[in-house]
Amino acid sequence: IPLKNLDFGKHEFQLKIDNSFFTEIEDSEILGGTIIADLKIVKSEFSSKMNLVMNGKVDVLCDRCLSNLSYEIETEDDFIIKEGDEYLEDENNIIYLPQNEDLDVSWIIYETLVLSLPVKRVHDEGDCDESMIDSINEFSVEDSDKQEKTDPRWDGLKQLLNNNNN
């Protein structure tokens with residue numbers, strides 16, 4: 001967005017985000033999707049305010065079975081844009097932008113989408129890929145198998161210790 005060329009006041013942009021956006025991002029957690037991003041920028045003399053609203057659907061991998069999983073996205077975030085010596089984003093959603101640079105919102109959009117996803121991304125119970133769940137169960141260690149086998153010589157000492165504690 002050519003922020004430096006915008007007049008003071010309110011400006012609105014609508015961006016359509018599809019699979020090609022996510023393939024451009026290296027090691028993207030989001031495999032694909034369709035999102036509508038509405039940007040509202042209010043430019044003033046010393047700073048600008050940006051409101052970002054996104055709605056749509058994204059595809060990620062299920063943490064349990066590793067098959068595709070779609071999530072509905074509805075998120076909104078506000079940012080303040082100020083002039084700075086170099087591009088910098090801080091934890092308070094303040095973006096410092098050099099005077100003659102355009103505002104690249106692609107990474108802001110991606111980060112906002114990823115942060116809107118749940119930490120644990122799994123299908124509803126029963127919706128996972130059955131063949132993967134069967135493989136997981138086949139190679140899983142049962143709780144009874146996890147219990148340590150003790151040396152019978154120590155059992156007598158444990159009995160003495162238990163008697164002293166009672």
Side-chain angles (χ1 to χ4, degrees), residues 1-133 135-137 139-141 146:
I1 296 175
L3 199 60
K4 63 184 177 284
N5 296 337
L6 296 179
D7 294 329
F8 294 137
K10 187 175 182 179
H11 304 273
E12 295 185 16
F13 303 90
Q14 187 174 72
L15 306 171
K16 291 180 171 81
I17 300 163
D18 59 17
N19 292 341
S20 61
F21 174 81
F22 300 108
T23 57
E24 292 294 318
I25 296 175
E26 191 174 322
D27 297 326
S28 175
E29 292 181 44
I30 300 174
L31 305 174
T34 305
I35 300 287
I36 300 294
D38 292 310
L39 284 162
K40 293 182 180 96
I41 297 176
V42 179
K43 184 176 177 183
S44 63
E45 188 174 350
F46 298 108
S47 67
S48 298
K49 293 180 182 178
M50 180 174 73
N51 174 261
L52 173 61
V53 177
M54 291 188 285
N55 294 293
K57 191 179 272 193
V58 295
D59 298 322
V60 295
L61 288 179
C62 174
D63 291 336
R64 187 182 303 131
C65 70
L66 301 178
S67 63
N68 282 2
L69 171 64
S70 289
Y71 268 108
E72 289 288 330
I73 297 291
E74 284 185 32
T75 187
E76 180 174 359
D77 217 341
D78 292 310
F79 300 87
I80 296 173
I81 305 162
K82 295 183 175 185
E83 190 176 312
D85 294 332
E86 61 184 34
Y87 184 88
L88 178 70
E89 292 179 45
D90 74 5
E91 65 275 357
N92 297 318
N93 284 355
I94 299 175
I95 300 168
Y96 296 95
L97 186 68
Q99 185 177 12
N100 293 323
E101 278 191 29
D102 290 342
L103 178 62
D104 182 1
V105 294
S106 59
W107 188 251
I108 296 167
I109 287 171
Y110 177 74
E111 278 187 336
T112 304
L113 285 170
V114 170
L115 291 172
S116 71
L117 292 170
V119 174
K120 187 175 182 181
R121 303 167 193 158
V122 293
H123 287 105
D124 291 334
E125 198 65 38
D127 289 344
C128 278
D129 178 2
E130 283 301 317
S131 63
M132 182 60 83
I133 297 302
S135 295
I136 291 170
N137 290 336
F139 294 105
S140 293
V141 177
K146 284 190 215 176

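These numbers come from the heavy atoms of this one structure, side chains and all, not from hydrogens, waters or symmetry mates.
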Heavy atoms of other groups near Asn92 CG, more than 12 under 6.0 Å: yes

Separation between CZ (Arg121) and CD (Glu29), nearest 0.5 Å, reads 4.5 Å

For Ser20 and Asp18 the tightest heavy-atom approach is OG-OD1, 2.5 Å

In this structure, CD1 of Ile36 is separated from CD1 of Ile17 (nearest 0.5 Å) by 8.0 Å

Only one of Leu15, Val53, Asn51 passes side chain to side chain contact (heavy atoms under 4.5 Å, CB included) with Leu39, and that residue is Leu15

Within the 4.5 Å heavy-atom criterion, are Pro118 and Tyr71 side-chain neighbours or not?
yes

* Asked: For atom CD of Glu125, is the number of surrounding heavy atoms from other residues, nucleotides or ligands below 6.0 Å larger than 12?
  -> no

Q) Taking C-beta and beyond as the side chain, do Phe79 and Val105 meet within less than 4.5 Å on heavy atoms? A) no

In terms of heavy-atom contacts, Asp59 and Ser70 come closest through OD1-OG, 2.5 Å

Backbone N or O of Leu61 within a donor-acceptor pair of the Asn68 side chain at under 3.5 Å?
no

>> Main chain of Leu31, side chain of Ser28: is a donor-acceptor contact present, judged purely on distance under 3.5 Å?
In response: no

dist Lys57:NZ -> Ile73:CD1 (nearest 0.5 Å) comes out at 11.0 Å

| Test item: Leu117 and Ile30 side chains (from C-beta on) under 4.5 Å apart, heavy atoms | yes

CG (Asp77) and CD1 (Ile108) are apart, to the nearest 0.5 Å, by 10.0 Å

The reported gap from CZ in Phe21 to CD1 in Ile109 (rounded to nearest 0.5 angstrom) is 5.5 Å

Closest non-hydrogen contact found for Lys10 with Lys40 is CE-CD, 4.2 Å

Separation between CH2 (Trp107) and CD1 (Ile25), nearest 0.5 Å, reads 6.0 Å

Would you check if Phe22 and Val58 make a side-chain contact, meaning some heavy-atom pair closer than 4.5 Å?
yes

Smallest heavy-atom separation, Phe13 atom then His11 atom, equals CE1-CB, 3.9 Å

